[in-house]
S.K.: 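Take a look at this one; I'll ask things after.
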Number of protein chains: 2
Amino acid sequence: MTGQVRTVDGRVAGRRGQATRQKLLDCLSEMLSSSPYRDVKVIDVARKAGTSPATFYQYFPDVEGAVLEIAESMAKEGASLTELAAGRSWVGKAGWQTAQDLVEGFLTFWRKNDAILRVVDLGAAEGDKRFYKIRMKILNSVNNSLADAIKDLQSKGKVDKDVNANAVAGSLVAMLASVAGHQKGFQSWGVKQAELKPSLALLVHLGVTQKKPVK
Amino acid sequence: MTGQVRTVDGRVAGRRGQATRQKLLDCLSEMLSSSPYRDVKVIDVARKAGTSPATFYQYFPDVEGAVLEIAESMAKEGASLTELAAGRSWVGKAGWQTAQDLVEGFLTFWRKNDAILRVVDLGAAEGDKRFYKIRMKILNSVNNSLADAIKDLQSKGKVDKDVNANAVAGSLVAMLASVAGHQKGFQSWGVKQAELKPSLALLVHLGVTQKKPVK
DNA sequence: AACTTGTCCTGTCATGCCGTCAGCTTACCG
DNA sequence: CGGTAAGCTGACGGCATGACAGGACAAGTT
């Protein structure tokens, strides 16, 4: 179902074209890591890719369009985040391990894609539905798993019925995403990387189970 | 200590000049709410303010410079957020009230300044120390108060000693900021505004006290 | 009222990026 | 080898940027 890759004017991209296209995406991705989103210019991306601006516009309507492309492929990769929370136990020592693994996996993923995720975050916050949808796609996998875990605990009477599973799960995921995006920021609060993870895991565990973890 | 307002070329701004300057800031602020940061152009701001681009450049080095100005004044206003958490009780019903008030105040402040806060967030995430500093200034007030509360509970033996107060407080504040910035986003998860606040309050309470709130 | 002084604003200009098109080159295929 | 479609770029009008010099203006002075 992955329709053929097409240029802006409707031609089908061949082997060479796809390579160029990919190169442009790679270079854009790199630029996003090294300079502010606002200052990323088409001409710079093209130069870096050893081609001309006109070529860029053959494959993408504008910078935003290309960014969406990158984000989309990242979102696919991010689907694997589901495994971090789906079908795991939240009881006893296993529960603490689940929380830790979730935090670890989440932070790793976020750090690996931080440049593009920043832009996605901004686009979503600005109300752009396309970015918004991508952000959802990534967070949804984790969010749904967490919400399911909470609902499960509720049905067993271990968590209060009046807790809104979706809202709590969503807030926890937002916390993970935000902290991941400002990891450097915590250093100025005198909080080191290594201390951050257990704290996040603690909060996740508390949020899901309403109990202190058994370590 | 608030040195005189100066133009880029060093002149002191008089009454009229300050008015123009302020008008430019207001218009920029408005533009940030209605269009993506990346697309805000000096010429549009100037037109909206009924003046010329050249005038803009007399008061600000560039768009970013003006944004910093706006952010700075917002940060001052944000200092009042301290009151939301400082010197409050975290025990019993009062504790639940504290958590609720904190969430309410935080979300209100964020919503009122969402446009500029988005940009500050982006700047900070991109590693710009100036934005970073402003973000800190706003969050610090809340963060320190929460951290103090946790430390206080620790000294009374109500919270485990191995909890890193700063890290937990920072994570909670990051959660609040993130959720506030993506309030609309939660609607797609089928979570309504009204349900969000109690969930956040619950998480804050759990994080600070490690106990379920007494309602 | 004319003059002076310092603030304030804008017209204008060189520069550089944007986004598009026509047209050239390259690859593939019968 | 000729046809066809893909791939790329030079060039161009349009617009934003950022700098400057000089004109407009307000307020005080003589």
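The structure presented is a predicted model; accordingly, all values stated were derived computationally and were not measured. Sequence lines set the chain letters: A, B, ... in the order given, protein chains first and strands last, and positions in each chain run from 1.
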S.K.: I'd like to check the salt bridge (Lys or Arg N to Asp or Glu O under 4.0 Å) partners of B:R16; sequence neighbours left out, ordered by chain and number.
M.R.: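 B:R16 satisfies salt bridge (Lys or Arg N to Asp or Glu O under 4.0 Å) with no residue once adjacent residues are dropped.
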S.K.: Identify the two heavy atoms, one from A:A169 and one from A:I150, that lie closest to each other, and give their separation to 0.1 Å.
M.R.: N-CD1, 4.2 Å
S.K.: With a 4.0 Å limit, can you tell me whether A:T51 has a side-chain N or O closer than that to the phosphate oxygens OP1/OP2 of D:dT9?
M.R.: yes
S.K.: Taking protein heavy atoms under 4.0 Å as touching, what does nucleotides 16-21 of chain C look like 5' to 3' if B marks base contact, S marks sugar-phosphate-only contact and - marks none?
M.R.: -SSBBB
S.K.: Are any side-chain N or O atoms of B:E126 and backbone N or O atoms of A:Y37, one a donor and one an acceptor, separated by less than 3.5 Å?
M.R.: yes
S.K.: How does protein contact run along nucleotides 22-28 of chain D, one letter per nucleotide 5' to 3', with B for base contact, S for sugar-phosphate only, - for none, heavy atoms under 4.0 Å?
M.R.: -------
S.K.: Which of residues 18-31 of chain A sit near DNA chain D, with a heavy atom under 4.0 Å from it?
M.R.: A:T20
S.K.: Looking at A:V163 and A:Q154, what are the two nearest heavy atoms and their distance?
M.R.: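 In this case the closest contact between A:V163 and A:Q154 is O-NE2, 2.8 Å.
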S.K.: Residues two or more places apart in sequence or in another chain: which of them pass ring-ring contact (aromatic ring centres under 6.0 Å, His included) with B:W110?
M.R.: B:F106
S.K.: Taking all non-hydrogen atoms of both residues into account, name the closest pair between A:N166 and A:A147 and its distance.
M.R.: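 Closest approach of A:N166 to A:A147, heavy atoms only: OD1-CB, 3.6 Å.
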S.K.: With sequence neighbours left out, write down each residue that passes salt bridge (Lys or Arg N to Asp or Glu O under 4.0 Å) with A:R6, or none if nothing qualifies.
M.R.: none
S.K.: Under 4.0 Å, heavy atoms only, any strand: does A:Y59 hit a base, just the sugar-phosphate, or nothing?
M.R.: sugar-phosphate
S.K.: Has B:T55 got a side-chain N or O lying under 4.0 Å from the OP1 or OP2 atom of C:dT10?
M.R.: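 The answer is yes; a side-chain N or O of B:T55 sits under 4.0 Å from OP1 or OP2.
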S.K.: So among A:L81, A:V173, A:N144, A:I134, which one has a side-chain contact (heavy atoms from CB on, under 4.5 Å) with A:L139?
M.R.: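 Option passing the side-chain contact (heavy atoms from CB on, under 4.5 Å) with A:L139: A:V173.
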S.K.: Side-chain contact, heavy-atom cut-off 4.5 Å: B:Y59 with B:E69?
M.R.: no
